[in-house]
Amino acid sequence: MRYWLMKSEPDEVSFDDVLAAPAQTLAWFGVRNYQARNFMRDAMSVGDGILFYHSSCAVPGVAGIAEVASSPYPDATQFDAASHYHDPKATLEQPRWISVDVRAIEAGRYLPLAEMRSIPALEDMVLLQKGSRLSISPVTQAQWNTVVALLKEGKR
DNA sequence: GCCAACGTTGGC
DNA sequence: GCCAACGTTGGC
C-alpha cells in the first residue's frame, strides 16, 4: 500500500467529475512524462491512496481523496489522431503511455497549495520542492496522514 | 501573460 | 554522448 499525489487540471477533469462518474471511477489519461508513467506502471497497486490535486487553476490544491482502482493499461488517447494526447510513435503493439482507473473516495475541505506550504510536516513533499512538475508523485505515510487530517477538518 | 525550471529533441 | 534550442509545466 502506497500513497500518491496526482495532478489534474480541473477544467479537464475535476475531483467532482470523478465523484459524479459511474462507480465514482474514471480513467486517468494523458500522462506524457516517463517518470510519472513509470510510477503507474511499476509502483502503483490497486487500493493505493491518492491525493487528488487541482493544478493550473485559480487556487491550486488538494480537492479530495481517491484510490487506484485498476491495474495499468494502455492509454487510449495515444492512438487517437484527433486527441491532444495523440502520440504518433505509439502503436497498438507497442503502446508507450498507460492509464489507471481512479475512484473518488471523498472530498474534504479544499486544501490550497499555499496552506500546504505553511505546514512544516509537509515541507518534504515532492509537490512542494522547487521546480517540481511531476504530475504523479509519491507521498509518505506521514504526509498522507497529515493531509487527510486537514481535509477532514471540515467536510463539504 | 510572465518566466523559472525542467524535459525532450536532434545535430554534430 | 554532448548540449543548444525548443517545448511544457504550472504558480504567480
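Below, chain A is the first sequence line, B the second, and so on; all start at residue 1.
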Does Ala142(A) offer a backbone N or O that forms a donor-acceptor pair with the side chain of Asn145(A) under 3.5 Å? no

From [atom1] ([X]) to [atom2] ([Y]), nearest 0.5 Å:
X: Glu123(A); Y: Gln143(A); atom1: CD; atom2: CD; result: 10.0 Å
X: Ile105(A); Y: Phe15(A); atom1: CD1; atom2: CZ; result: 8.0 Å
X: Thr91(A); Y: Gln78(A); atom1: OG1; atom2: CD; result: 8.5 Å

Report whether [X] and [Y] are members of the same hydrophobic cluster (ILVMFWY, side-chain heavy atoms less than 4.5 Å apart, transitive linking).
X: Leu134(A); Y: Val13(A); answer: yes
X: Ile136(A); Y: Trp97(A); answer: no
X: Val126(A); Y: Met40(A); answer: no

In B/S/- notation (B base, S sugar-phosphate only, - none; protein heavy atoms under 4.0 Å), nucleotides 1-6 of chain C written 5' to 3' is ------

Whole angstrom is fine here: how far is it from CG in Leu128(A) over to C1' in dG11(C)? 12 Å

Detail all sub-3.5 Å separations between protein N/O atoms and N/O atoms belonging to nucleotides 7-10 of chain B.
| unit_1 | atom_1 | unit_2 | atom_2 | d |
| --- | --- | --- | --- | --- |
| dG7(B) | O4' | Arg133(A) | NH2 | 3.1 |

Can you give each donor-acceptor pair under 3.5 Å made by side-chain atoms of residues 31-38 of chain A, sequence neighbours left out, with the distance rounded to 0.1 Å?
| unit_1 | atom_1 | unit_2 | atom_2 | d |
| --- | --- | --- | --- | --- |
| Arg32(A) | NE | Tyr85(A) | O | 3.2 |
| Arg32(A) | NH1 | Asp75(A) | OD2 | 3.1 |
| Arg32(A) | NH2 | Thr77(A) | OG1 | 3.0 |
| Arg32(A) | NH2 | Tyr85(A) | O | 2.8 |
| Asn33(A) | OD1 | Gln35(A) | N | 3.0 |
| Asn33(A) | OD1 | Ala36(A) | N | 2.9 |
| Tyr34(A) | OH | Arg96(A) | NH1 | 3.2 |
| Arg37(A) | NH1 | Arg96(A) | O | 2.9 |
| Asn38(A) | OD1 | Arg41(A) | NH2 | 3.2 |
| Asn38(A) | ND2 | Tyr34(A) | O | 3.3 |

